[in-house]
Structures are given as structure tokens and as C-alpha cells.
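Here's the structure, in C-alpha cells; my notes come after.
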There are 2 protein chains.
Amino acid sequence: MNPRKKQITDAAHRLFSENGFAQTSIQDILDEAQIAKGTFYNYFASKNECLIAILETVNEKAERRRIELAQGENKADENVLVSQIAVRLDMNRYHNLLAIFGSVACSDDNDLKAFFKKNQTKELNWIAKRLVDVFGEEEARHAVDHAVMLTGCIHQIIRVWNLGANTEMATETVVQFALDQLKPVIREGNKKAFFPKNWLDLTIDSLSTDYMEMKQQLIIRLSNLTKKLEKEEKAKNNEYVQFLLKEFQSENPRLFLLESVLLSLKHVFEGSSYELEISQIVKMAWQVLDSL
Amino acid sequence: MNPRKKQITDAAHRLFSENGFAQTSIQDILDEAQIAKGTFYNYFASKNECLIAILETVNEKAERRRIELAQGENKADENVLVSQIAVRLDMNRYHNLLAIFGSVACSDDNDLKAFFKKNQTKELNWIAKRLVDVFGEEEARHAVDHAVMLTGCIHQIIRVWNLGANTEMATETVVQFALDQLKPVIREGNKKAFFPKNWLDLTIDSLSTDYMEMKQQLIIRLSNLTKKLEKEEKAKNNEYVQFLLKEFQSENPRLFLLESVLLSLKHVFEGSSYELEISQIVKMAWQVLDSL
DNA sequence: TATTTTTTATACTTCAAGTCTAAAAAATAA
DNA sequence: TTATTTTTTAGACTTGAAGTATAAAAAATA
């Protein structure tokens with residue numbers, strides 16, 4: 001990273017950790033980093049952008065540490081997983097990020113929101129994958145469900161702990177406890193999954209903020225869907241999808257038509273097994289429409 | 001509630017729901033409620049106070065609804081519990097409160113923080129109690145653990161669902177799923193509990209913002225502790241506790257002494273079974289010290 | 001009707017975010 | 001080295017929201 005940029009993020013990082021994100025003004029950062037206002041705005045458009053830069057370095061650090069922890073170990077070793085998960089919690093705590101994660105929900109900055117969404121999705125995906133490593137292939141279909149529950153438990157335990165205690169609980173203890181508790185759930189394999197297959201992958205697709213790219217992905221998903229519907233000979237429902245596909249691909253998509261068809265689409269697929277996929281597609285489509 | 005106050009909170013409530021808490025300026029509220037700035041500040045010292053007033057009415061509504069749902073039903077009926085838990089989630093969703101809960105973490109308003117802490121503690125306590133209703137007395141020792149995990153799972157599932165879908169998931173479905181998943185955990189009774197006995201009650205004690213009251217509670221807890229230590233003949237450790245008790249009760253507590261003893265206290269009890277209780281007491285004590 | 005309380009309109013202060021500019025300093029090219 | 005370009009600086013300026021202050025009007029109460 002550009003040394004001046006680093007000088008700024010370092011200063012901001014110190015202040016955010018010590019005093020909190022919302023409590024730190026840009027002026028504070030300027031004073032701490034000993035730079036002029038113009039310089040700051042030369043590198044960042046806002047405090048939020050500066051925060052993203054910081055969080056990215058923290059992410060990289062966490063990722064490296066996780067790789068280190070796995071080095072030379074058996075990837076099915078539960079203890080490795082526990083300490084790997086704890087790495088991120090420790091990072092959060094060390095950098096006082098919990099408070100920041102809170103402030104983000106209140107911010108209406110779309111970039112920042114997208115950043116956090118992407119992060120969370122990545123983290124869950126990673127944990128799901130590792131659960132399969134540890135608990136075997138038969139875990140695959142439920143891995144996302146379990147990753148979600150595991151992280152939910154861990155965070156809530158930490159939150160509640162902090163309600164009443166001022167000592168810090170060792171993160172590994174929490175992770176280990178949550179995992180132990182959930183083991184009977186994980187082992188009980190014959191259950192119906194909550195989240196649809198590939199839920200997180202599909203989610204990631206819709207996280208792009210580049211509308212051209214998003215449109216491409218939308219078209220891909222629509223054409224996949226239409227193929228699937230063709231196979232199942234659901235011609236009636238397929239009409240809608242094919243229409244959307246054609247219209248989105250055309251030179252000048254007619255907005256009013258797309259809007260109208262999107263509105264009906266959800267109703268058409270209500271109750272079908274495609275309901276969820278449709279819901280994601282519709283969401284993406286509206287975003288693309290906004291950009292047209 | 002005073003009709004004018006209600007007029008203001010109603011307007012604010014509308015705006016918070018529609019546009020979000022952070023996005024609503026006080027001026028917006030004045031316009032919506034058709035009142036002058038002075039009137040607003042006549043009833044609330046800040047936007048946060050206004051928010052608390054709103055949340056209190058929502059709380060009451062949720063509480064009433066839960067009582068209704070239990071009317072004439074068997075309190076051990078799992079389905080009642082599920083819909084009772086869902087009540088609050090529906091409230092949150094209906095009033096768009098999730099975003100608000102986020103913004104609170106970023107606020108440095110102590111009253112607001114205390115309010116949320118108290119709310120969360122109450123909710124967990126309530127769920128823990130109800131878990132005992134449904135799963136029997138043998139659940140008592142683990143009820144808090146399970147309440148924490150259950151709420152953690154529920155919230156995380158909803159969060160992740162909202163990452164990728166734009167349809168709203170029926171809250172009862174989520175609650176039912178989480179509860180079903182956790183049943184093997186709940187039924188496996190012979191585990192070590194994570195949260196100490198009465199954790200939440202103890203936590204509630206430390207939520208008061210009235211320092212006099214807090215001091216009284218601190219004294220009560222110290223004297224309980226010293227009695228317990230006496231029974232166990234831990235004279236050495238008891239010296240510290242008894243000293244603190246006497247000093248806090250004295251007319252003019254010597255701050256420097258208290259500070260110094262509090263610092264050692266944690267080390268003295270490190271590793272003992274009192275570690276957690278001590279940690280809470282120390283936390284309270286520091287708050288009381290701040291007020292002296 | 002007289003008095004007190006509440007409400008209003010408006011001006012004011014404070015504070016932080018962010019823009020703009022002209023000059024100084026530093027980096028780079030010739 | 002000198003000339004040119006880029007980066008940095010200091011500080012003035014705009015905007016917008018929070019919150020304070022005040023005197024007059026309106027409403028409630030005695």
C-alpha cells in the first residue's frame with residue numbers, strides 16, 4: 001500500500017480501536033496522522049472508505065493466520081477448525097470491530113453494506129466448507145445450515161457474556177463449546193435442510209455493485225432457469241422466464257414490461273420449488289432495472 | 001400517554017419505519033408531526049429518548065400479544081412457545097427495528113445502551129423460563145445456555161436469509177426450525193453448563209443506572225459472597241471481600257484503597273469457581289467508584 | 001378575567017463533513 | 001541543474017443537523 005495511505009489508515013485504525021468508529025471525526029484522523037484535510041480526501045472519499053481499507057488489511061491478516069494454523073495439520077482435525085474460527089473473533093476483539101459492525105447497520109452507505117455482506121457470506125462459506133472437511137461428505141448438504149447456526153450461537157454467546165462480565169472470555173472456549181453443543185445436531189444427518197442448495201454462492205452473485213456484470217449474471221441465471229424448466233416441461237411458467245431473458249438481452253429493454261412481468265413472476269412461482277431461486281433473481285433484476 | 005407526546009412518537013415511528021432511524025432528522029419529525037422544535041425538546045431530550053419511548057410501546061404490545069397467545073393453552077405446548085417467540089420477531093420486522101438495533105451499537109448514548117441491554121436480558125430470561133415450561137425441570141440448569149443458542153440461531157438465520165432473498169421468511173418457520181434443530185442439544189441433559197447459575201439475574205442487577213441503588217446491590221452481593229466464603233473457610237480470599245464491604249459501607253470510602261484492592265481481587269480469585277461472580281462484582285464496583 | 005403553562009416561530013451556536021483554492025513542497029523528467 | 005507535474009498544505013467556505021434561547025401567541029387553568 002502507498003506509504004501515505006498506510007500512514008492514514010494506521011492512524012485511523014488506532015483511533016477507531018481506542019475510541020470507536022462513530023466517535024472518531026475525520027479531523028481526529030487528520031491530527032493523529034499529521035496530514036491536511038486535502039490529503040485525506042485525496043485517498044478516501046469518506047470515513048467509510050477508509051474503514052473498508054482497514055478492514056481489508058485485517059481480513060488479509062486473518063486469512064494468513066488461518067492458513068498458518070492449517071499448515072502441516074490434518075484438515076479433518078476439529079481442533080484446527082476451532083482455532084481457525086477463533087482467529088476471526090480474536091481479530092474482531094483485538095481491533096474492537098464489534099462496535100464497528102454495529103455502526104454499519106445504521107450507515108446508509110451502500111458500498112459499506114455490500115462489503116460487509118460479502119465478508120459475511122465469505123466467512124460462512126468458508127466455515128461450511130471446513131465443516132465438510134471435519135465431518136465428512138455427508139455433511140455437505142447441511143453445511144450451510146450448520147455454519148449459520150454455529151456462527152449465530154458463537155456470536156450470541158459472546159454478546160450475552162459481555163452483557164454481564166467484564167472479563168474477556170477466551171474465544172476458543174466459546175467456539176469449542178458451541179461446536180460441542182451442535183455436534184448432535186450435525187451428526188443427525190437425515191433432516192431437511194433450511195437453506196437451499198448453493199444458497200451462499202447464489203448470494204455472492206447478487207453482491208456485485210457493477211451493473212453491467214450484474215446484468216450478465218442475471219442473464220446467465222435466467223437462461224439456466226429456462227433450461228431447467230424446459231426439461232421439466234413447465235412451459236407455462238417458462239414463458240415468463242424466456243420473455244425476461246429476451247427482453248434483458250435486447251438493445252433497448254422496455255422497462256414498463258419488465259417491471260410488470262417481474263411483479264407477476266413471484267406469484268406465478270409461489271409454492272413451487274423454484275420460489276427461492278425466483279426470489280433471488282427478482283431481487284437482482286430490480287437492481288439491474290434501477291441502473292437502466 | 002400525553003396526547004402531544006403520542007402525536008410526536010407516532011410521527012417519529014412512521015418515519016423511522018419508512019426511512020430508518022439514522023436517516024430521519026429531528027426536523028423531519030417536526031414536519032411530520034406538525035410541531036415546533038421547542039415542543040419536541042419539551043418532551044424529549046434527544047432523538048434517542050424519543051426512540052426509547054417508541055420501543056417501550058412496542059414492547060408492551062409484544063408482551064400483551066404473548067399473553068394472549070398463552071391464554072387457555074397448555075404452557076408446555078411447544079407450538080405456543082414458537083408463536084410467542086415469533087411475536088417479537090414479527091414486531092421487529094413490522095416496525096423495521098432490525099436496522100435500529102444496528103444503529104444503537106454505534107451510538108454512544110448510555111441510556112439507550114442500557115435500555116437495549118435490559119431488553120435483551122429480559123427476553124432471554126423469558127425464553128429460558130419458557131424452555132423450562134416446555135422441556136421440564138431438568139432443563140432448568142441449561143435453560144439460559146439454550147435460550148442464548150436458540151436466539152443466536154434464529155437471528156443469524158434471518159440475517160443470512162436476508163442476505164440473499166427479498167421475500168420475507170415466515171418467522172414461525174424460522175423459530176420452529178431452530179427449535180427442532182436444537183432439540184437433540186436440549187435433550188442431551190448431562191452436559192456442563194456454559195453460563196453460571198443465575199447469570200442473567202446477576203446481569204440485571206448491574207444494569208441499573210442509579211448509582212445509589214447500584215451501591216446497595218453491590219453491598220448485598222459482597223456480603224453474600226463473604227458469607228459463602230466463610231462457610232467454605234476460605235479466610236485468605238475473604239479478607240479482600242470483607243475489606244471491600246466495610247470500605248464501601250463507610251461514610252467516606254477511600255478511593256485509592258478501593259481501586260487498588262479491586263485490581264488485586266481478580267488475580268486472587270483467578271481460576272477459582274468464583275472467578276465469574278467476582279468479575280461481575282468488580283465491574284459493578286468500578287461503576288460505583290466512578291460515581292463517588 | 002387573570003395567571004400559568006404550553007406552543008410557536010425564528011434566530012442563534014456548535015460541530016462535523018465535505019469542497020475549493022492558491023501557494024508550498026516534493027517528485028519526476030529533460 | 002532546471003522545468004514540469006504531482007502531491008500536500010492551510011485555511012476559508014458551504015452545508016446540514018443538533019441543540020439552545022427567546023419573545024410572542026395560544027391554550028389551559030384558576
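The figures here come from the full heavy-atom set of this structure, side chains too, leaving out hydrogens, waters and symmetry mates. Quick note on labels: first sequence line is chain A, next is B, and so on, each numbered from 1.
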Shorter than 3.5 Å, N or O on both sides, protein versus nucleotides 14-22 of chain D: list them out with atom names.
from   : atom 1 : to      : atom 2 : distance (Å)
D:dA18 : OP2    : B:Ile26 : N      : 3.0
D:dG19 : OP2    : B:Tyr41 : OH     : 3.3
D:dG19 : N7     : B:Lys37 : NZ     : 2.8
D:dG19 : O6     : B:Lys37 : NZ     : 3.1

message = Checking B:Phe195 against B:Leu200 for the side-chain contact (heavy atoms from CB on, under 4.5 Å) test, could you report, in this order, the C-alpha distance in whole Å, the side-chain angles of both residues, the deciding distance, and whether it holds?
response = CA-CA 9 Å; B:Phe195 287 102; B:Leu200 291 174; over 6 Å; no
task = Compute whether any side-chain donor of one residue and acceptor of the other, for B:Gln27 and B:Asp31, lie under 3.5 angstrom apart.
result = yes
Gap between atoms CG and P, on B:Asn42 and C:dA9 respectively (whole Å) = 15 Å
inquiry  = Which label fits B:Phe16 and B:Phe21: parallel for a plane angle under 30°, tilted from 30 to 60°, or perpendicular past 60°?
reply    = perpendicular
query = Within this structure, what is the CG-to-C1' distance between A:Leu30 and C:dG18, rounded to whole angstrom?
reply = 11 Å
task = Take atom CD of A:Gln23 and atom C1' of C:dA16, then tell me their distance rounded to the nearest Å.
result = 14 Å
remark   = pair_partner(D:dA30), Watson-Crick or wobble, both distances < 3.5 Å, evaluates to C:dT1
inquiry  = Suppose we define a pair by two distances each less than 3.5 Å, Watson-Crick or G-U wobble; what does C:dC20 pair with here?
reply    = D:dG11
task = Have a look at B:Tyr43 and say if it touches a base, only the backbone sugar-phosphate, or nothing, with a 4.0 Å heavy-atom cut-off.
result = sugar-phosphate
key: Those residues of residues 1-11 of chain A lying under 4.0 Å from DNA chain D by at least one heavy atom   = A:Arg4
task = Considering non-hydrogen atoms only, spot the tightest contact between B:Thr24 and B:Lys47 and give its length.
result = O-NZ, 2.7 Å
remark   = A:Leu15 atom CG is separated from C:dA16 atom P, nearest whole Å, by 14 Å
note = Tightest non-hydrogen contact, residues B:Gln23 and B:Asp28, listed as O-OD2, 3.9 Å
request  = Establish, yes or no, whether the cationic atom of A:Arg66 lies under 6.0 Å from the six-membered ring centre of A:Trp126 and within 45° of the ring axis.
outcome  = yes
With 3.5 Å as the limit, what N/O pairs link the protein to nucleotides 23-25 of chain D?
none

inquiry  = Could you report the tightest heavy-atom contact between B:Met149 and A:Cys153, atom names first, then the distance?
reply    = CB-SG, 3.6 Å
Shortest non-hydrogen contact between B:Ala62 and B:Val87, atoms and distance = O-CG1, 3.8 Å
request  = Identify the two heavy atoms, one from B:Phe44 and one from B:Glu49, that lie closest to each other, and give their separation to 0.1 Å.
outcome  = CA-OE1, 3.6 Å
inquiry  = I need the minimum non-hydrogen distance between B:Gly152 and A:Gln156, along with the two atoms involved.
reply    = CA-CB, 3.5 Å
